[in-house]
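So the structure is just underneath, and the comments pick up after that.
It should be emphasised that the depicted structure is a prediction, and the values quoted were computed from it without experimental measurement.
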Amino acid sequence: MGVDVVEPVDADTACIYDFKTGIKGLGTKRIADFAFSSAKSERLRAFKQYFFIEIRPSAGSIRRD
(Lines give C-alpha, C1' and ligand atoms only; values in the text may rest on other atoms or scores of the structure.)
Protein backbone atom coordinates (compact mmCIF):
# COMPACT_ATOMS: atom_id res chain seq x y z
CA MET A 1 0.00 0.00 0.00
CA GLY A 2 1.59 3.23 -1.10
CA VAL A 3 0.99 6.91 -1.08
CA ASP A 4 -1.28 8.19 -3.86
CA VAL A 5 -0.04 11.77 -4.32
CA VAL A 6 2.40 13.80 -2.22
CA GLU A 7 2.68 17.58 -2.39
CA PRO A 8 5.57 19.16 -0.48
CA VAL A 9 4.37 22.32 1.31
CA ASP A 10 7.69 23.35 2.83
CA ALA A 11 10.88 21.67 4.06
CA ASP A 12 9.08 19.99 6.99
CA THR A 13 5.50 19.51 5.74
CA ALA A 14 3.80 17.49 3.02
CA CYS A 15 0.18 16.95 1.98
CA ILE A 16 -0.78 13.38 1.17
CA TYR A 17 -3.85 13.06 -1.03
CA ASP A 18 -5.79 9.81 -0.87
CA PHE A 19 -8.12 9.28 -3.81
CA LYS A 20 -11.20 7.35 -2.68
CA THR A 21 -13.51 5.62 -5.11
CA GLY A 22 -15.33 3.29 -2.74
CA ILE A 23 -17.79 3.83 0.06
CA LYS A 24 -15.19 3.66 2.85
CA GLY A 25 -13.56 6.92 3.80
CA LEU A 26 -10.08 7.74 5.03
CA GLY A 27 -9.81 5.88 8.34
CA THR A 28 -7.18 5.53 11.02
CA LYS A 29 -5.92 2.21 9.58
CA ARG A 30 -5.33 3.80 6.17
CA ILE A 31 -3.51 6.73 7.82
CA ALA A 32 -1.38 4.25 9.80
CA ASP A 33 -0.57 2.43 6.53
CA PHE A 34 0.51 5.74 5.00
CA ALA A 35 2.68 6.50 8.04
CA PHE A 36 4.36 3.09 7.74
CA SER A 37 5.04 3.41 4.01
CA SER A 38 6.20 7.04 4.43
CA ALA A 39 8.70 6.01 7.11
CA LYS A 40 10.22 3.50 4.68
CA SER A 41 10.44 6.01 1.82
CA GLU A 42 13.71 7.89 1.44
CA ARG A 43 11.91 10.87 -0.12
CA LEU A 44 9.10 11.10 2.47
CA ARG A 45 11.21 10.43 5.55
CA ALA A 46 12.55 14.02 5.40
CA PHE A 47 9.16 15.51 6.30
CA LYS A 48 8.28 16.00 9.96
CA GLN A 49 4.52 16.45 9.55
CA TYR A 50 1.87 15.39 7.08
CA PHE A 51 -1.64 16.48 6.23
CA PHE A 52 -3.86 13.67 4.95
CA ILE A 53 -6.57 14.82 2.57
CA GLU A 54 -9.27 12.54 1.19
CA ILE A 55 -10.23 13.22 -2.42
CA ARG A 56 -13.60 11.82 -3.37
CA PRO A 57 -15.31 11.86 -6.77
CA SER A 58 -18.82 13.25 -7.03
CA ALA A 59 -21.57 11.15 -5.46
CA GLY A 60 -22.94 10.21 -8.88
CA SER A 61 -19.74 8.44 -9.85
CA ILE A 62 -19.53 6.13 -6.80
CA ARG A 63 -20.89 2.70 -7.58
CA ARG A 64 -22.93 1.16 -4.78
CA ASP A 65 -23.57 -2.53 -5.39
Minimum-distance pair of heavy atoms, taken over all atoms of Arg45 and Lys40 | NH2-O, 3.4 Å
Is Phe36 linked to Phe34 within one hydrophobic cluster, defined over Ile, Leu, Val, Met, Phe, Trp and Tyr using a side-chain heavy-atom separation of less than 4.5 Å?
-> no
Might you work through the side-chain contact (heavy atoms from CB on, under 4.5 Å) test for Val6 and Arg43, ending with a clear yes or no?
-> CA-CA 10 Å; Val6 177; Arg43 182 174 66 105; 4.2 Å; yes
Would you list the atom pairs, donor with acceptor, under 3.5 Å between side chains in residues 46-53 and any protein atom, with sequence neighbours excluded?
| unit_1 | atom_1 | unit_2 | atom_2 | d |
| --- | --- | --- | --- | --- |
| Gln49 | NE2 | Thr13 | OG1 | 2.9 |
| Tyr50 | OH | Leu44 | O | 2.5 |

Flag, side chain of Ser37 to backbone of Asp33, donor-acceptor distance under 3.5 Å = yes
Leu26 and Glu54: which non-hydrogen atoms are nearest, and at how many Å?
-> N-OE1, 2.7 Å
